[in-house]
Structures are given as C-alpha cells and as structure tokens.
Colleague: 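Supplied in structure tokens, the structure appears directly below.
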There are 2 protein chains.
Amino acid sequence: MAAASIKEVARLAGVSLGTVSNVLNRPEAVAPQTRKRVLDAISQLGYVRNDSARHLRAGQSRTVAIVVLDVSNPFFTDVVRGAEGAVEDADGMLIVCNSGEDRAREERHLDMLEEQRVRGLLITPVDDARHERLERLIDRGIPVVLVDRGTGQPNRCSVAVDDVLGGQLAAQHLADEGHRRIAFVGGPASIRQVEDRHAGAAAALEAYPGTSLQVVETRSLSVTAGRDAAERICVQPAATRPTAIFCANDLLALGVLQGLTAGGLRVPEDMALVGYDDIDFAAAAAVPLTSVRQPREQLGRTAAELLLEEAEDPARHGHRHVVFQPQLVVRQSTVSGTRARR
Amino acid sequence: MAAASIKEVARLAGVSLGTVSNVLNRPEAVAPQTRKRVLDAISQLGYVRNDSARHLRAGQSRTVAIVVLDVSNPFFTDVVRGAEGAVEDADGMLIVCNSGEDRAREERHLDMLEEQRVRGLLITPVDDARHERLERLIDRGIPVVLVDRGTGQPNRCSVAVDDVLGGQLAAQHLADEGHRRIAFVGGPASIRQVEDRHAGAAAALEAYPGTSLQVVETRSLSVTAGRDAAERICVQPAATRPTAIFCANDLLALGVLQGLTAGGLRVPEDMALVGYDDIDFAAAAAVPLTSVRQPREQLGRTAAELLLEEAEDPARHGHRHVVFQPQLVVRQSTVSGTRARR
DNA sequence: AGCCGATGGTGAAACGTTTCATGCGTTGGC
DNA sequence: GCCAACGCATGAAACGTTTCACCATCGGCT
C-alpha cells in the first residue's frame, strides 16, 4: 500500500490540491463542510504528510540536533532531557547524535546534519579547539549553541556551569564546618573541569586563615582511582592528615568512601567528604554524599531555547553566554547524622 | 549565503544537471576530466546535498529510529550504542527518541517518524499491549523490531534477553556454592522481568533437594527499597535466616549490601549476594557484586541488523525472534576473596 | 442595475534531487 | 567505408508539498 499523497486526498474529496493543503495548514480559511470532506478523505486514506516534501519546499526543517560526547553519561542524558522538553514545546523534534568522543564520528554526524538542513545544533565538541566544520555551519546560517564548552565565542551562544564556583562552594562548606586541613582529590589536571574545581576551592580557602589544601592527583575520575587515593591518605600520620576531602566528582568520592572505610576511618566523624555532580548514587551511598549539583536539565533546556530563539529571528538575536550556578547539596558525609540538613 | 544547489554547480562546471548527479552517485560513469571540473565546482561553491530533495525523490530515507523508554537508563544507552554501530556501518543515521514511559509522547514520536518516512523503527513500547499505531506502521511496510518486549509476534522481529535463564544461573550458582536457604528480593511482581527472574530461580532450585526460596517483595527496584529489604532479613533469627540473597537488579543489591553491613552481617561470609544487570557500579561496590549481565550492546546491534535486513529486502525477509543468553559474572559477593574467579 | 468586498476555492510554479530515454561523436569490426 | 556498439553527456519528468496570484460566487449598497 503506497502511502497516499495530497493528490489522492484531493481527488477523493473532490477538491483541489491547494484546498487540502489549506485544511492542513490554515484550517480556518476553509469552509467547514469542505474541511470536513477533506478530513474524512484524509482519515479514509490514512494519509500522512510527507516531511521531506514539506521541508524541501520550506527550505528548513523543524528538527534540532544535539551532539553529545557520550550517550551513556548521565550528565549528557540529563542535558538531552532538558533540551528535548524545550524543543517539543516548540513542536519540533530533537535528534540525538553520539560522537563518542571521536572526532571522525563527530564530523560524520555534522555532515549528515548539514545535509538534512537541520534547524540548528546543540553540541559539546570533541575538541575545545576551533572547529572548521562548525564554523562552516555557522557561516551557512545554521545556529549553533555550545554546551559546557568554549564559552565566550562571539558568533554563537553557549551555556555552561561555573565549576570554579562549584569548587568554592565545596571548600567553603568544609571550612565552615571547621575543617582546616583539606585535601583535593582529582585528576588528570589537564581536564578543564577538574582544574576549575580545584582553583575554586583554593581561592575560597584563602579567605580562611590557617587552612591548607593538599592535592592528591588521580589518573582518572573513577571509583578505583578514588579507592587508591584514599589508601594514600589513610597512611598519613593522623596528626597531619587532612580531616576533609573534596573530590572532583562523585565516582572518585564513592571510591574514597570505600577506601576510607576499608582503612578504618569513619565518615563523617573521622573524615568529611564532598563529591561533585550529585549523581543518583550520591544520595544512595553507604553514607549519603554531600555533593555539588549542576543544573543539568536546565542546561539543556536553556541551550535549546537560545537555539530556537536564534533560528526564529536571526537578525534580532544577540548571542548570549549563559553560565549556571551549581548548588551544594549537603548530606551526611559532611555533617553528623542529626545535624544533616536536606 | 543561500546554500548552493546542483543547478549552480552544473552552471559553474559547464555541464548539465544530470552529469553533476552522476558525479555524485555514479562517478565511474563520468569521464575523469569532466568529473574533476564538477568536483572543483562543488568544493568552490561549498555545495552540500539536500537530503530532503533526495529522499523525496527516493521515497525513503536512510534514517533509522530507536524509541526508548528512558534515555537516562544505562540499559537503553548501551542498546543505543549497539544499534548505532550497526546503522552507521550501513552508512545510515540513527535517531534516538525518548518516550519517557509516556504513551502520549511515544505516539507523538511515532507520528513524526512516520511523516519522516524513516527506514525503520526499533522500539521498546510503553505498553506491552497491542499497539494500534505500531500496527499501522507495519501495515505501511515500515519495518519494526521490538526490543526487550513482546517476543513472538508474527509480523515483526524482536530481540530480548532470557530473564528466566538469568534467574536460573543466579540460583544455580548460589546452590552450587552450598547455600540452601535463599531469598529472592524484588518487585513489584507485575514487572515481567522481575517475575521471569524469580520464576527462573525457583525452577532452578527444584533440582537441588533441600533448598528453599523465600520471596521478599519490594515496592520498587531502587537502592532504598533494597535497604529496607535487608533490614527485614537481618531481623530474622540466624538459624532460619537465608544465607544467600538474589536481587532482581543491581540497585536493589547495592541497597541490600548497605543494609546488611549496617545490620552487622558480612558479605559474603555471613550472606552471599547476587545482583542483576551488571551495571558499572556492581564491580565498584564496597564488595564487588556477583551479577547477571545482559548483552546490551549486542541486543541493540542485532535489532538494528534485523531491521536493516528487512528494509533491504522485505520479500525475502523472514521475521525472527532472537533471544540472548545472559551471563553470570562472579565476583566477591558470593565467594570469599581468594576463591573469586573473574 | 452596477459595483464592491468578502469568502472560498483553484491550479500552476517552485523547491532540489534522481532517473531514464535520448542524442551524439568516436571507435572497432567486417 | 559502413554499421554497430560504446562512452558520455543531456534535459525533461517526477517525487509531494506550499504558496500565491487569480477566479467565481454572492450578499449588500448605492
């Protein structure tokens, strides 16, 4: 059963092509009884619009794409959910592409998306570096919004979260709780996010006389790396050992928590612990984890809104760089049970 | 800069439309020097194919869609990755849609995908029930492959994992390790997967005289629910208490692990523990968790391959129902440290 | 009666491809 | 020296929409 076209609908309803099109796009401009005849024909034939034809004619599609570094990463899936909401509210469709941190795949996707003449593009590029393909899209008038990357470029919008502030919040919280010897666990330092969080923590502690920040560098941001780091901390003499640890992400923190427990240190009594990201497991850990939460869904939603705004009216649109503020979520791992706020 | 069309390329290269098209689609049918002139013109103008026009003409797109219940669920992200691989190998594009377990959104997506005339559809439907919209797609000749649902329907392929077998493997392992009083923690029982895993475990134990399977039902499949279940088990008298627990998924198992530890029971010495799904955290838990692993990526890859096969040649295609076998991954939570195999 | 505006409907053009029958010049076989 | 075959290029048709200038009808006004 070949899909019916507008032409057959017109024939069955005894009207012209244009009228059917009007029923579809400007129903109020068609007399009620004609409209009914057309609608009946449509449902009788099971007619479904052909998007390709529509967009060929219109020169533009209602599709917005998001290219993420890793579909399996909860950070991105939440961003996707946010973007999805915004795009669907605008009656569009979001298509999710996964670059898998692979530059070649990213390019492949960009090529296909350009061929599809997508309405616009949300992307966390694999390289922070200038990106020829991306520039080209922008030159062609396809709006691009950067997600969590390269904020501040003049010819596109961006959204990001302030990791320096996140580091500050974590360190301040620990200092406020009375800790003086604090450790930062994270690495490799080449990752921008890791370095920002560290810098924020260091900066915050300058306002607290007598505090020190010991850096324990890790090879990765994994549970295992956290466990190793904890072992290194446990063997330090109790007198000079830190009394609090700030980890660059929650996976590390969970590993650290295990390592500390194995080494006989209790959390939070002997050692306070702060993570970063507030992944689902943070709240569900053996000791619920204080963590710094990023507004992930909002990041995606805002990115999509900026994009749609630009697509709607490129002339009036001014590029913006939105930076969200992370939020400290305090749980048991930094304050003893009874005092834990929610 | 309006995007250049084939027409302008033809003019610049001094050839006809058809020739440009030939260069693009059958380069060997064009004389080398003509071909070169056309290619030069293409790169000079920065010409990019218009997919809409192409597909309008062709009547079909190279796009395959996958509709998942929840983009944030690691199970589905892995399935997506598998499908992605297969589709890209076939030089197509995979678009990911998220129904969020919401029937209305699912229908919205199906409508848009039908308008787009996608090549085919991978879907885990929100309802197991017969699905009018889906039937319609199939009637129109759009291939559909069910993922992890409703296996055995005559007019479409499906892929799934054998949960009954998974339950068997877990229970056999525990029985082989010498356990006789075993508990199954999971719920609500209305979820097919939960019931299958339970049934598998129960069936397996029939082969082991003297074994018993106590069911501890939970309200959900979460860490918290697991912690509650563990508390209920801890208070049982040691003499009749189970010595091993099989959980319907890893989240529950992690909660159970925490609850047992809090209740003073050691894993695996006092209580063996098996989870299901083998999520990343299973291996990283305080006591690395024995778990049942589903071949998630392969599930996606196979689904996509079946789909592409059907799309390629619907006539010759016979619908198949592929059932994958889960695999038991043994870690410390069921065998004491030194004996742990990998 | 003649004119006007409103209302509802028409049909052709255009969007950018691909395909296919056709044409034309060259080559090789006989 | 003729014909067939071949290699290459051509240009028109078709895919299914949307848009837009135009037409027909009709009721109300002057």
Side-chain angles (χ1 to χ4, degrees), chain A residues 1-39 41-42 45-63 111-112 114-119 140-141, chain B residues 1-39 41-42 45-63 111-112 114-119 140-141:
Chain A
M1 181 194 313
S5 81
I6 242 187
K7 203 187 299 181
E8 319 183 34
V9 173
R11 193 148 40 89
L12 180 60
V15 298
S16 74
L17 292 193
T19 301
V20 177
S21 176
N22 281 334
V23 169
L24 259 24
N25 302 302
R26 292 190 247 18
E28 75 285 354
V30 177
Q33 58 153 313
T34 316
R35 196 191 313 158
K36 175 161 187 332
R37 255 189 310 147
V38 172
L39 290 175
I42 285 179
L45 291 172
Y47 165 76
V48 175
R49 259 189 179 128
N50 183 321
D51 229 30
S52 301
R54 192 136 101 108
H55 291 151
L56 168 58
R57 178 64 227 232
Q60 225 211 22
S61 89
R62 294 167 308 166
T63 300
D111 285 347
M112 299 198 96
E114 192 178 354
E115 289 186 5
Q116 297 205 8
R117 304 289 192 270
V118 290
R119 190 112 197 261
R140 309 242 155 132
Chain B
M1 181 194 313
S5 80
I6 242 187
K7 204 186 301 181
E8 320 185 34
V9 173
R11 192 148 42 90
L12 180 61
V15 298
S16 74
L17 291 194
T19 302
V20 178
S21 176
N22 280 335
V23 170
L24 259 24
N25 302 303
R26 290 191 245 25
E28 74 287 355
V30 177
Q33 56 154 315
T34 316
R35 196 191 314 157
K36 175 163 187 332
R37 259 189 308 146
V38 171
L39 290 175
I42 285 179
L45 292 172
Y47 165 77
V48 175
R49 259 191 178 127
N50 184 321
D51 228 29
S52 301
R54 191 136 96 113
H55 293 152
L56 168 58
R57 178 64 229 228
Q60 226 211 19
S61 88
R62 293 167 309 164
T63 301
D111 285 348
M112 299 197 96
E114 192 178 355
E115 290 187 3
Q116 297 205 8
R117 305 288 192 273
V118 290
R119 190 114 196 261
R140 308 244 156 132

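Each chain gets a letter, A, B and so on, in the order the sequences are listed, and its residues count up from 1.
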Colleague: Does A:H55 form a side-chain contact (heavy atoms from CB on, under 4.5 Å) with B:L56? I'd like the steps, not just the answer.
Modeller: CA-CA 10 Å; A:H55 291 151; B:L56 168 58; over 6 Å; no
Colleague: Could you list, one pair per line, each protein nitrogen or oxygen that sits under 3.5 Å from a nitrogen or oxygen of nucleotides 7-9 of chain C, together with the distance?
Modeller:
{"from": "C:dG9", "atom 1": "OP1", "to": "A:T34", "atom 2": "OG1", "distance (Å)": "2.1"}
{"from": "C:dG9", "atom 1": "OP2", "to": "A:A31", "atom 2": "N", "distance (Å)": "3.0"}

Colleague: Just by modelled atom types, is the A:A13 backbone N or O under 3.5 Å from a matching donor or acceptor in the A:R37 side chain?
Modeller: yes
Colleague: Anything under 4.0 Å to a heavy atom of chain B counts; send over the first and last such nucleotide of DNA chain D, read 5' to 3'.
Modeller: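 Contacts span D:dC8 to D:dG16, reading 5' to 3'.
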Colleague: Can you list everything that forms a side-chain hydrogen bond (donor to acceptor under 3.5 Å, both in side chains) with A:S21? Sequence neighbours excluded, please.
Modeller: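 side-chain hydrogen bond (donor to acceptor under 3.5 Å, both in side chains) check on A:S21 returns A:N25.
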Colleague: Remember a base hit wins even if backbone is also touched, and classify A:G59 as base, sugar-phosphate or nothing at under 4.0 Å, heavy atoms.
Modeller: nothing
Colleague: How many Å lie between CZ on A:R57 and P on C:dA12, as a whole number?
Modeller: 15 Å
Colleague: To the nearest 0.5 Å, tell me how far B:E114 CD sits from B:R140 CZ.
Modeller: 4.5 Å
Colleague: For B:I42, enumerate each residue passing the side chain to side chain contact (heavy atoms under 4.5 Å, CB included) test, keeping only those at least two apart in sequence or located in another chain.
Modeller: B:V9, B:L24, B:V38, B:L39, B:Y47
Colleague: Output the distance between atom OG (A:S5) and atom CG (A:L45), rounded to the nearest 0.5 Å.
Modeller: 9.0 Å
Colleague: Which residues pass the salt bridge (Lys or Arg N to Asp or Glu O under 4.0 Å) test with B:R62, not counting sequence neighbours?
Modeller: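 Only A:E115, B:D51 meet the salt bridge (Lys or Arg N to Asp or Glu O under 4.0 Å) criterion with B:R62.
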Colleague: With heavy atoms under 4.0 Å as the rule, sort B:N25 into base, sugar-phosphate or nothing.
Modeller: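 Sugar-phosphate contact only - B:N25 comes under 4.0 Å of backbone atoms but never of a base.
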Colleague: Please identify each residue that fulfils salt bridge (Lys or Arg N to Asp or Glu O under 4.0 Å) with B:K7, with sequence neighbours left out.
Modeller: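 Listed in chain order: nothing, the list is empty.
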Colleague: Give me the bend of the helix from C:dA1-D:dT30 to C:dC30-D:dG1, using the axes of the five pairs at each end, rounded to 10°.
Modeller: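 Comparing the axis at each end, I get an angle of 60°.
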Colleague: Please report the interatomic distance CZ(B:R119) to CD(B:Q60), rounded to the nearest 0.5 Å.
Modeller: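 One finds 5.0 Å between CZ of B:R119 and CD of B:Q60.
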Colleague: Just to verify, what does B:T19 make a side-chain hydrogen bond (donor to acceptor under 3.5 Å, both in side chains) with, not counting sequence neighbours?
Modeller: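 For B:T19, the residues satisfying side-chain hydrogen bond (donor to acceptor under 3.5 Å, both in side chains) (neighbours in sequence not counted) are B:S16.
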Colleague: How would you label the contact of A:S21 with the nucleic acid (heavy atoms, under 4.0 Å): base, sugar-phosphate, or nothing?
Modeller: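 A:S21: base contact, heavy atoms under 4.0 Å.
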